Each structure stands twice: as structure tokens, then as C-alpha cells.
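We count residues from 1, following the sequence as given. Computed from a predicted structure; not experimentally measured.
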Amino acid sequence: MVVGAFPIAKLLYLGVRQISKPVANRIKAAARRSVFFRNYICLPPAQLYHWIEMRAKMRLMGFQGATIRSLNEEAAAELGAELLGEAVIFLIGGGCMVLEYSRQAANARRKEEELNQTIISLQTQLAELELSTETLNAQLREVNRRVLSFPTPSPK
């Protein structure tokens, strides 16, 4: 029974993706504790996300000119930390996808190279066989010419 190669790369990618959730949770916790991280990393994307979300909801409900209040600092920090955690998970998942794609592309290139090498080898063998066949045909013609050029003894 032939067993294919164990997909160790896929197992590693799955492990990285599983680890990304706790990493994202630790980043969120750090974002909640650090004032600098909270004010400059978490709050601006959270406020922007809230503004875009509320603007879209208001337009869907028909309120065109309604003003949108910004989130309070605690809610914005929580939303920003969640956004950051989801971005980390998304980036790790996207990175795994890119790595898998590049691995598959490398395998496809390797298989194509092997196929090209096989084709070149077969073409070389075919050319050698054609040359051998032409040589044998020439030798056969020469033997036939010699046989036909000898006079045959006449029966008495």
C-alpha cells in the first residue's frame, strides 16, 4: 500500500491559526492596559469604524443629514481592541493562505519542470531511434544493392 506524503505544512498552518486566537486575546488585553496603545492604536480605528457603520445604518433607514456622535472612550477602546484582535487573526489566516498558495505553486512548477524534462528526454530518445532506423535502412539498402548486383548463376 502506497501512502502519500504527510501534509505537515497543512498541519503547521492549522497550528499557527489555532495559536493566533490566544495571541489576539493577549494583544487585546495589552491594548486595554496601555494608555498609548489605547489612544493611538485602538481608538482611531474604532471611531472610524463606528462612524462608517452608523453612517451606513442611517442612510439605510433614510436619515441623510443626521449627525453621528462618537463612542465614549471605554466603548471605543473595547471596539478597537476587538478590531485589532480580528485583524491579527485575519492577517495570520491570510498569511497562511498566501504561504499555502506559494507552496502549491512551487509544487506545480516542480511537476511541470519534471514533465518538461521527461518530454525532452523522450524527444532525445526518439531522435536517436530515428537516426538508428535511418542508419539501419541505409545498411539494408546497401546489402540489397550488393545482392542484386551479383550475377546469379544460370541453371544448366
### Message
Is it true that, when you exclude Phe37 itself, more than 12 heavy atoms of the residues, nucleotides or ligands shown sit nearer than 6.0 Å to its CZ?
### Response
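Atom CZ in Phe37 is crowded, with more than 12 foreign heavy atoms closer than 6.0 Å.
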
### Query
Does CZ in Arg146 sit with more than 12 non-hydrogen atoms of other residues, nucleotides or ligands closer than 6.0 Å?
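12 or below, so no.
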
### Message
Is it the case that the side chain of Ser121 and the backbone of Gln117 share a donor-acceptor pair, with hydrogens and angles ignored and the cut-off at 3.5 Å?
### Response
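Checked: no pair found.
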
### Query
Is Gln47 reaching over with its side chain to a backbone N or O of Leu71, donor-acceptor style, under 3.5 angstrom?
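Such a contact is found between Gln47 side chain and Leu71 backbone.
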
Reported [atom1]-to-[atom2] distance for the pair [X] and [Y], which is rounded to 0.5 angstrom:
| X | Y | atom1 | atom2 | value |
| --- | --- | --- | --- | --- |
| Leu84 | Leu79 | CG | CG | 11.0 Å |
| Ile68 | His50 | CD1 | NE2 | 7.0 Å |
| Leu136 | Leu140 | CG | CG | 8.5 Å |
| Glu100 | Gln104 | CD | CD | 5.0 Å |
| Glu113 | Thr118 | CD | OG1 | 10.5 Å |
| Gln123 | Glu130 | CD | CD | 10.5 Å |

### Query
So, are Glu142 and Arg145 salt-bridged, with charged N and O less than 4.0 Å apart?
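Looking at Glu142 and Arg145, the cut-off is met.
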
### Query
Is any NZ, NE, NH1 or NH2 atom of the basic residue among Lys111 and Glu114 found under 4.0 Å from an Asp or Glu carboxylate oxygen of the other?
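Looking at Lys111 and Glu114, the cut-off is not met.
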
Which pair of heavy atoms, one from [X] and one from [Y], lies closest together, and at what distance?
| X | Y | value |
| --- | --- | --- |
| Leu43 | Glu73 | CD2-O, 3.7 Å |
| Ala81 | Cys42 | N-SG, 4.0 Å |
| Gly80 | Ala46 | N-CB, 3.4 Å |

#### Entry: Step-by-step side-chain contact (heavy atoms from CB on, under 4.5 Å) determination, Leu126 to Leu122
CA-CA 6 Å; Leu126 181 62; Leu122 289 174; over 6 Å; no

### Query
Linking I/L/V/M/F/W/Y whenever any side-chain heavy atoms sit under 4.5 Å apart, do Met54 and Trp51 land together?
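Same hydrophobic cluster.
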
### Message
For Met58 and Met61: C-alpha separation, side-chain torsions, deciding distance, then whether side-chain contact (heavy atoms from CB on, under 4.5 Å) applies.
### Response
CA-CA 5 Å; Met58 292 294 196; Met61 291 189 294; 4.1 Å; yes

### Task
With the side chain counted from C-beta on, respond yes when Phe90 and Glu86 share a heavy-atom pair under 4.5 Å apart, and no when they do not.
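Contact flag for Phe90/Glu86 side chains = no.
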
